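The structure appears right after this line, and notes come after that.
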Amino acid sequence: MELYFKKPSKEAREAMCEAVNQIPSKNQLIKSAEKDICNLTHHKYSKILNSGNSAIFTVMSNFQGKIMVPDQGGWSGTIKIAEYLGLEIIYLPTDEGLINPNLLDDILIKKTPKALFLTSFAGYTAEQPLKEIYNVCDEEGVVLVEDASGALGDETSRLANGKHSHIILASTGSPKIVNVGNGGFISTDLEEVLETPLKFLQADHVTCAGISQEIKNAPSLLSKTISSCSYLKEKLEDVFHEDRRGVNVICKADNPKKLATELRAALKVRNGGMISKCPRYDRILEDAVALEIKNLDIRCLTRENLDRMIELVNDLNTA
Ligand SMILES: Cc1ncc(COP(=O)(O)O)c(C=O)c1O
């Protein structure tokens, strides 16, 4: 079985090479990519920055007081940035990363955060009920910030949709859904959020040219990754959130260290890897091993390769 780590598409690489020589039309390339982002997320305004963490930093700088994050399955960088900015962090109790919108109202009233930062997929493996969460946040005056790094181009419009998030941000670094190798962005209808992004955090026109190109591939890439994960979840024993859409698959494991080592040896990925060991805040805080399907070039997500992965994981996880 040959597995390849995802890289920017040939078209994106060509667009980026071409942009290197287009210094005079620099601003045009940036503006055009920002327009593509607004079309993708259905927000009015957007700004492209040099990384996902720069986008988080820029958004978070708008808040004073408390910010809320899920107690697991979010992005650990969000917590580090909140600590750096001296913001109080409140951990929202979840069901293995999943937020229960029915319990959210009371918690928001009691804890009074200014904003809730979450990722579209808890641990990249289970889609959050974004619309329901948004309705509660909107009602309570809490700004919902969706880190949609793993969910751009969702054809069902349930995730990365500006109608269900006050602010969307994403990394377009590697290996993400809009996979340019670096960069990130913010989109929103709240113009004031984008008033003062720091100049040195802004992206160059080459990254912007890559983003414009890769946005075109996002819907098909995301849908193939999700359908591959759904197939794996159906056939693997003991996975978390088996009925929810995701871009990776997290398997329960009695001995995660051993299983992760054996799987790394068996599932070799050219130019990268696809195994993460848990407990880990960014995935799940339980003994488990995550198969990072989102890291793989979608051309290796053949039925044959997926069946081989199932065979390997089921064999090694019971050994
Ligand atoms: C969900 C999520 N958000 C943000 C980031 C940070 O992005 P960047 O590496 O572009 O700063 C990552 C990085 O892996 C991520 O997984």
Side-chain angles (χ1 to χ4, degrees), residues 5-8 12 33 37 41 46-61 67 69-85 94 97-99 115-128 130 144-154 159-160 165 167-187 197-198 200-204 206-208 210-211 214-215 218 221-222 225-226 229 245-248 250 272-278 280-284 290-296:
F5 202 72
K6 200 186 254 176
K7 64 179 182 189
I37 288 167
T41 63
S46 73
K47 194 96 222 157
I48 304 182
L49 299 173
N50 58 15
S51 75
N53 282 331
S54 294
I56 297 170
F57 179 85
T58 302
V59 169
M60 216 179 256
S61 306
I67 62 125
V69 296
D71 63 0
Q72 56 183 308
W75 166 238
S76 53
T78 307
I79 297 169
K80 289 186 195 130
I81 293 166
E83 284 169 353
Y84 176 79
L85 291 171
T94 63
L98 268 187
I99 295 170
L116 169 59
F117 282 72
L118 50 71
T119 50
S120 319
F121 295 109
Y124 278 115
T125 204
E127 81 175 287
Q128 295 282 11
L130 249 301
L144 177 62
V145 184
E146 177 186 2
D147 180 336
S149 304
L152 296 173
D154 182 11
L159 302 174
S165 285
I167 300 174
I168 290 174
L169 57 84
S171 164
T172 55
S174 179
K176 300 294 186 301
I177 300 300
V178 172
N179 189 46
V180 178
N182 72 90
F185 69 78
I186 305 167
S187 80
L198 296 167
F200 65 87
L201 297 183
Q202 293 185 20
D204 58 56
V206 176
T207 301
C208 293
I211 289 178
E214 282 300 58
I215 278 179
L221 200 140
L222 180 68
T225 309
I226 290 176
C229 287
R245 297 190 308 157
V247 290
N248 77 9
I250 307 184
M274 60 168 289
I275 302 296
S276 331
K277 184 165 67 67
C278 305
R280 185 175 159 191
Y281 174 81
D282 308 79
R283 299 293 182 268
I284 207 153
L291 307 175
E292 308 282 347
I293 303 305
K294 67 176 179 58
N295 293 7
L296 300 176

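In what follows, residues are counted from 1 in the order of the sequence shown. Atoms within a ligand are numbered from 1 in the order they appear, just like the ligands themselves. Hydrogens, waters and symmetry mates play no part in the numbers below; they use all other heavy atoms, side chains included. None of the values given here were measured: they were computed from a predicted structure.
Annotation: side-chain hydrogen bond (donor to acceptor under 3.5 Å, both in side chains) contacts of Gln128 (sequence neighbours excluded): none. Asn295 pairs by the side-chain hydrogen bond (donor to acceptor under 3.5 Å, both in side chains) definition with nothing, not counting sequence neighbours. With sequence neighbours left out, the side-chain contact (heavy atoms from CB on, under 4.5 Å) criterion links Asn248 to Tyr124, Thr125, Ile250, Arg283, Ala290, Glu292.
Without hydrogens or angle criteria, Thr119 side chain to Gly73 main chain gives a donor-acceptor distance under 3.5 Å. For Lys6 (side chain) and Lys176 (main-chain N/O), a donor-acceptor pair under 3.5 Å exists by modelled atom type. Under a 3.5 Å cut-off, the side chain of Glu146 and the backbone N or O of Ser120 do not form any donor-acceptor pair.
A distance limit of 4.0 angstrom between heavy atoms and ligand 1 selects the residues Ser51, Gly52, Asn53, Trp75, Thr119, Tyr124, Asp147, Ser149, Ser171, Lys176, Gly183.
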